[in-house]
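This one's a predicted model, so the numbers in the text were calculated from it and none came from an experiment. Side-chain atoms are counted along with the backbone in the values below, which use heavy atoms only and exclude waters and symmetry mates.
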Amino acid sequence: MPGDTLKVTVEGDTIRVSDSLFHQTQISSPPSALTADAPDNSLLFFSAIGILLLRIFTPVIIAARFRKFRRKKIHNEALERVSEHYPQYDNLLSSYNGYYRNLPSPLQQKFLERVIEFSVPKNFKYLDIEKDDKMPLLISAAAVQLTFGLDKFLFDSFDTIYVLKHDYQYGANAMPFMGHVSRNGIYLSWDNFIKGFEDDTDGNNVGIHEMAHALAFVNFKVDDEEAADNLFKRRFKEFSTIARAVFNAMQNGETNMLGTYATSNYNEFWAVAVEFFFEKSLQMKVELPHLYIAMTYLLNQDPLMEQKILNHDEV
C-alpha cells in the first residue's frame, strides 16, 4: 500500500559461484625425488582441506537438521490444534474468507492445516489494539491463500507480524500506511485488513497485497535458500516477461483495470496484480488474459477453478 519500499527486480536473482571450490596443484619435485621417509604432501594437503570443510559445513548441517526438526514439531503441533479446534477455525474462516469457503472439503482441511502451521511460529504483536483470537487465524489465511499452490508457504524470514488498529504513520512519510513489509516484520492495520475480506470482489485487499510483498521479500530480498522457493523464483522471471510489458505500457500512459497506483513501481504493480487476480479473477482473465495466465502459472493456481491448485505434485 502507499509507502511500500521493497523493490522487486528480476535482475540479479542468481548468484555466480566459482566452477570449483578447489584449485589444481602440481608437485614440483619429480617422483624419483620422493623417498619412503618423506611426508606425503598431497595427503597433508587434503587432510587440511578436509578439516577446513568440516569446520565450515558442520554448523550448516547442524542448523539444517535443527530447522527440519523444528518444522516437524511445528507441523505436528498444527495438526493437533486443527484436530482440537476444527469447528471454531472452520467457522471463522468460512465467515471471513471467501476463498476458503468455496474450496472443496478436503482442500479446506489442507488450507486450515497450513494456516495453523503458518501461525504457530509467528509472534503476533498488537499495537494500540486489543488481541482478538481471530486475528492470527485470518492474517495467516491471507498468506496461505496466496501460496496455496506453492510448496513453501511459511515465510520463514518473518518472525513477527504487527497488528495496528487504523492507518498509521511510518518513518518520515506524510501519507498514512495501511500496511507495509520490512526486515522487521509484516505490518497490517486491522480495520483495513478486515474490510478487504468483507468485500472480496472489489480488488482492494490489504492482507493479500502485503502478503504479496512478503512473498517477494522472502524470495528476492533475503539471502536464505531454505526459506526461498527456487521454483517460484525461476517462474517469476518468466512471469515478468509478460508483466513487465504491461507495467511499462501503463507507465507510458496506457490504462487498464489495475489503476494508477500499480504504476508507482514494479513492486506495487506486482502486489496490485495479485489483489486483482484473486478478487476480480474473471474480469482480469478477460481484460488482461496473458497476465492472468502468467499469474496462474507462477502461483500454480487458478481462483476460477473449484480445485484451485493446478499441479498438485508441486505442493
Side-chain angles (χ1 to χ4, degrees), residues 1-17 60 63-64 67 71 118-119 121-125 139-140 142-164 168 170-173 175 177-189 193 205-244 247-248 251 261-275 277-278 294-295 297-300:
M1 303 312 289
D4 288 332
T5 56
L6 172 62
K7 183 178 181 182
V8 181
T9 63
V10 292
E11 297 83 7
D13 293 338
T14 58
I15 301 173
R16 292 185 179 182
V17 295
V60 175
R67 180 176 286 193
R71 283 182 175 173
F118 178 94
S119 68
K122 297 289 185 287
N123 179 23
F124 287 84
K125 290 190 175 182
I139 291 171
S140 300
V144 171
Q145 179 175 331
L146 173 62
T147 60
F148 199 44
L150 304 180
D151 177 46
K152 294 189 176 181
F153 63 94
L154 296 175
F155 292 4
D156 287 331
S157 302
F158 295 103
D159 296 322
T160 307
I161 297 177
Y162 297 89
V163 185
L164 302 97
Y168 57 94
Y170 179 71
N173 296 277
M175 292 183 65
F177 279 51
M178 289 187 277
H180 78 278
V181 172
S182 75
R183 291 186 181 275
N184 295 328
I186 301 169
Y187 294 74
L188 294 162
S189 55
F193 176 90
N205 189 308
V206 68
I208 295 297
H209 185 105
E210 298 308 331
M211 291 306 172
H213 284 315
L215 178 62
F217 196 103
V218 168
N219 284 288
F220 297 107
K221 199 73 173 175
V222 180
D223 186 17
D224 186 346
E225 286 299 316
E226 287 294 321
D229 187 328
N230 290 327
L231 180 58
F232 174 86
K233 290 173 71 172
R234 290 197 301 272
R235 287 184 171 179
F236 194 91
K237 294 180 181 180
E238 299 175 44
F239 165 81
S240 284
T241 61
I242 303 297
R244 279 280 183 183
F247 172 68
N248 290 340
Q251 287 207 312
Y261 186 63
T263 66
S264 303
N265 54 59
Y266 191 57
N267 178 55
E268 294 306 325
F269 173 87
W270 152 250
V272 171
V274 171
E275 287 181 273
F277 177 71
F278 284 105
M295 188 76 80
Y297 178 67
L298 174 64
L299 297 181
N300 189 35

Please report the interatomic distance CG(Asn300) to CG(Asp151), rounded to the nearest 0.5 Å. 10.0 Å

Taking the side chain as everything from C-beta on, heavy atoms only, tell me whether Thr160 gets closer than 4.5 Å to Asn123. yes

Report the C-alpha distance between Phe232 and Phe239 in whole Å, list the side-chain angles of each, state the deciding distance to 0.1 Å, and finish with yes or no for side chain to side chain contact (heavy atoms under 4.5 Å, CB included). CA-CA 10 Å; Phe232 174 86; Phe239 165 81; over 6 Å; no

How long is the straight-line distance from CG of Leu231 back to CG of Leu298, given to the nearest 0.5 Å? 9.0 Å

Is there a donor-acceptor pair closer than 3.5 Å between any side-chain N or O of Asn219 and the backbone N or O of Asp229? yes

Contact check, side chains of Met295 and Ile242, non-hydrogen atoms, under 4.5 Å: no

Look only at the side chain of Glu275 and the backbone of His209, and say whether a donor-acceptor pair between them is shorter than 3.5 Å. no

Minimum heavy-atom separation for Trp270 and Ala212, please, with both atom names. NE1-O, 2.9 Å

For the pair Val218 and Asp156, evaluate side chain to side chain contact (heavy atoms under 4.5 Å, CB included) and give the outcome as yes or no after the intermediate values. CA-CA 8 Å; Val218 168; Asp156 287 331; over 6 Å; no

If I compare all heavy atoms of Val206 with all of Leu188, which pair ends up nearest, and what's the gap? O-CD2, 4.0 Å

Nearest 0.5 Å, please: how far is OG in Ser264 from CZ in Phe247? 8.0 Å

Search all heavy atoms of Arg183 against all heavy atoms of Phe217 and return the closest pair with its distance. CG-CZ, 3.4 Å

Nearest atoms (heavy-atom pairs only) where Gly185 meets Tyr162: CA-CE1, 4.3 Å

Any side-chain heavy atom of Phe118 within less than 4.5 Å of one from Ile161? yes

Val272 vs Tyr261, side chain to side chain contact (heavy atoms under 4.5 Å, CB included): CA-CA, chis, key distance, verdict: CA-CA 8 Å; Val272 171; Tyr261 186 63; 3.9 Å; yes

Can the ring centroids of Tyr168 and His180 be said to lie less than 6.0 angstrom from one another? yes

Start with the C-alpha gap between Ser140 and Phe124, add the side-chain angles, then the distance that decides, and say whether side chain to side chain contact (heavy atoms under 4.5 Å, CB included) holds. CA-CA 10 Å; Ser140 300; Phe124 287 84; 3.8 Å; yes

Between the main-chain N or O of Ala228 and the side-chain N or O of Lys152, is there a donor-acceptor pair closer than 3.5 Å? yes

Euclidean distance, Arg235 CZ relative to Ser240 OG, rounded to 0.5 Å: 14.0 Å

Nearest 0.5 Å, what's the CD-OH distance between Glu238 and Tyr297? 4.0 Å

Looking only at heavy atoms, what is the nearest atom pair of Leu299 and Leu150, with distance? O-CD2, 3.8 Å

Is the side chain of Asn173 donor-acceptor paired with the backbone N or O of Met175 at a distance under 3.5 Å, no angle test? no

Search all heavy atoms of Ala142 against all heavy atoms of Phe193 and return the closest pair with its distance. CB-CE1, 4.1 Å

Starting at CG of Asn205, measure out to CD of Glu210 and round the result to the nearest 0.5 Å. 10.0 Å

